[in-house]
2 protein chains.
Amino acid sequence: MTRSTKKAAPIPSVWAREQRRSDQPALSREAIVREAIAMLDADGIEALSMRKLGARLNAGATSLYRHVATKDELMELAVDEVAAEIHVPPADSPDWRAAVTEAAGSFRTTALRHPWLTLVLGQAGLAYLGPNYMSFSERLAALFTAAGFPEPSRAIETVFSYVMGMSNAEAAWLTTVARSGETEADFIARLMPAAQRAAADHTHLAIPHAEVEEATTDPVALRDMKFAYGLEVVLDGLALRLPK
Amino acid sequence: MTRSTKKAAPIPSVWAREQRRSDQPALSREAIVREAIAMLDADGIEALSMRKLGARLNAGATSLYRHVATKDELMELAVDEVAAEIHVPPADSPDWRAAVTEAAGSFRTTALRHPWLTLVLGQAGLAYLGPNYMSFSERLAALFTAAGFPEPSRAIETVFSYVMGMSNAEAAWLTTVARSGETEADFIARLMPAAQRAAADHTHLAIPHAEVEEATTDPVALRDMKFAYGLEVVLDGLALRLPK
DNA sequence: CGCTGGTTGCGCACGCTGTTCGCATGAAGG
DNA sequence: CCTTCATGCGAACAGCGTGCGCAACCAGCG
């Protein structure tokens, strides 16, 4: 509590005036974005408000607007900041499939670490031209070009759509789990009876016993496997289109 | 204007009392959901508020809560209503690839007709157990099972993730275009110089001339082609996993 | 040293949101 | 006619993003 901003005196008095404390780093765009990301990660996308964010920075809500034009702009900054965490192997990697798998996995783990990422990305389309996001795109393009694809952007859109769709669904699921306050396995175990009952009328929706087993013991591994499976499918399909 | 709800008299007078008009279908869950979908389609997801929705139905905002528990529930109802528009061919179709292509295309056109669909779907994970959505899942499962996939849910998740990711990106793009008030081709033509300039520093992001040409003349066909391309890739990859 | 101009923080206020509560109305059943 | 019940809704609450104008500070200059 470096600054005690009690509202104390409702009467405007020169004497009872708070001193401007210039001890801490004050307010900066970097600090604001960093704290916003922390709040988004911790409490989800709808828990972030300019007022709460200001409070966490020992500042008033409207002070933020000196460094950030609008809340939407703040979200764009947060997205671009987080985009820096995505690792894309260099274009001269010997094995393009391994390299793409690495990039896709890196995007996924980033999206799961920041479950709001895909939501914000989906809401604003291609309006994100932040430097980190552009360099991410650039590296992807280099990778697919080096792999020998005649139309790399087609291949990129295909694999990226899959990765995005899967990550988005997983992030939404993890958000639901987090809100329940239980572990993923416990949450699944609790919901399973209801799911079985709902699937009872629909012949083809039955869940195999083995999957129920794994979902309640190691749900993380199950999700990892599902993601890897679909990615292999997409890469197999793409490999067919590589000129020999 | 069947009911003129002027606030007229601030003094509660028995004489100046509005007659309860029971001429129109009044208020019903169906009517509310239908009108909500209309508003969502017309003005986007953030333009829908309970007050505006009530006004469109010649009703007060809080009256809606007699038929709908909360706004989130209303969105779930809207999603399920719209899910009925998705067409999935019967399981005994002779050509499974054609059938899946049809289903995927139907999902995409539905998602583009209601650009808020993927947003809502992504925000709430698997919490959607509406009857229409379940029957959609059931039909998909039947289709992939009949096609001969040993683990149909793997295949479904793969192709659905792709379709979802692609549709979401397209819907976001179309929303941006719609907000500009221009046609898609005009919008692209206007943004192209900026895009070229932004890509100038990034060697691998150059956009082929042919694509620029088509994007500014027939953007719809270009998007159709991109979607079809990626879908073929995924289906090729899946076909490799079909037991011969 | 004093003055001045620009930057930064912020209290206030506006219009909007989802939702709760309690009351008033009309229809239905006895 | 009286009672019960479902329905509509006005008022109110807490919260939101954000524009405005003032107060406090810092840098540079005379």
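Lettering of chains follows the sequences in order, A, B, ..., and the numbering in each one begins at 1. Just so it is clear, the values below take in all heavy atoms, side chains as well, and ignore hydrogens, waters and symmetry mates.
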Using residues 189-198 of chain A as the side-chain source, report each donor-acceptor pair under 3.5 Å to any protein atom, sequence neighbours left out, with the distance given to one decimal.
| from | atom 1 | to | atom 2 | distance (Å) |
| --- | --- | --- | --- | --- |
| A:Arg190 | NE | A:Glu182 | OE1 | 3.2 |
| A:Arg190 | NE | A:Glu182 | OE2 | 2.9 |
| A:Arg190 | NH2 | A:Glu182 | OE2 | 2.6 |

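Nucleotide D:dA6 holds its P atom 16 Å from the CZ atom of B:Arg29, rounded to whole Å. Between the CG atom of A:Leu27 and the P atom of D:dC25 there is a distance of 16 Å, rounded to whole Å. Distance CG (A:Leu48) to P (D:dC16): 10 Å, rounded to an integer number of Å. The interatomic distance linking A:Glu73 (CD) with D:dG17 (C1') rounds to 14 Å, in whole Å. C:dC10 atom P lies 13 Å from atom CG of A:Leu53, rounded to whole Å. As a whole-Å value, the separation of B:Leu64 CG from C:dT20 P is 13 Å. For the pair B:Met50 CE and D:dC9 C1', the computed distance is 14 Å after rounding to whole Å. Put simply, CG on B:Asn58 is 17 Å from C1' on D:dG10, counting in whole angstrom units.
Comparing B:Arg66 and B:Lys71 against DNA chain C, the residue whose closest nucleotide sits nearer the 5' end is B:Lys71. Residues A:Ala69 and A:Ser49 both approach DNA chain D. Their nearest nucleotides, taken by heavy-atom distance, put A:Ser49 toward the 5′ side.
Residue B:Tyr65 places its side chain closer to C:dG18 than to any other of D:dG8, D:dT18, C:dG18. Checking D:dC9, D:dC20, D:dG21 against every side-chain atom of B:Ala59, the shortest atom distance belongs to D:dC9.
Sorted by first then second residue, the salt bridge (charged side-chain N to carboxylate O under 4.0 Å, His left out) pairs that include residues 45-54 of chain A, not counting sequence neighbours, are A:Glu46-A:Arg179.
Taking side-chain N and O atoms only, A:His67 has no distance below 4.0 Å to OP1 or OP2 of C:dT7. Proximity of A:Lys52 to the phosphate of D:dC16: a side-chain N or O atom is located under 4.0 Å from OP1 or OP2. Within the structure, a side-chain polar atom (N or O) of A:Ser63 is placed less than 4.0 Å from OP1 or OP2 of C:dC10.
With a 6.0 Å radius and a threshold of 12 heavy atoms from other residues, nucleotides or ligands, B:Arg108 has its CZ atom above the threshold. Other residues, nucleotides and ligands contribute over 12 non-hydrogen atoms within 6.0 Å of the CZ atom of B:Arg223.
One cannot find a donor-acceptor pair under 3.5 Å joining the base of D:dG15 and the side-chain atoms of A:Arg51. Side-chain atoms of A:Thr70 and base atoms of D:dG17 include no donor and acceptor less than 3.5 Å apart.
At a threshold of 4.5 Å between non-hydrogen side-chain atoms, the residues A:Thr110 and A:Leu117 count as touching.
Side-chain atoms of B:Asp186 and B:Thr183 include a donor-acceptor pair closer than 3.5 Å.
Atom CE in A:Met134 sits 5.0 Å away from atom CG in B:Leu205 (nearest 0.5 Å).
Within a heavy-atom distance below 4.0 Å of DNA chain D, no residue of residues 32-40 of chain A is found.
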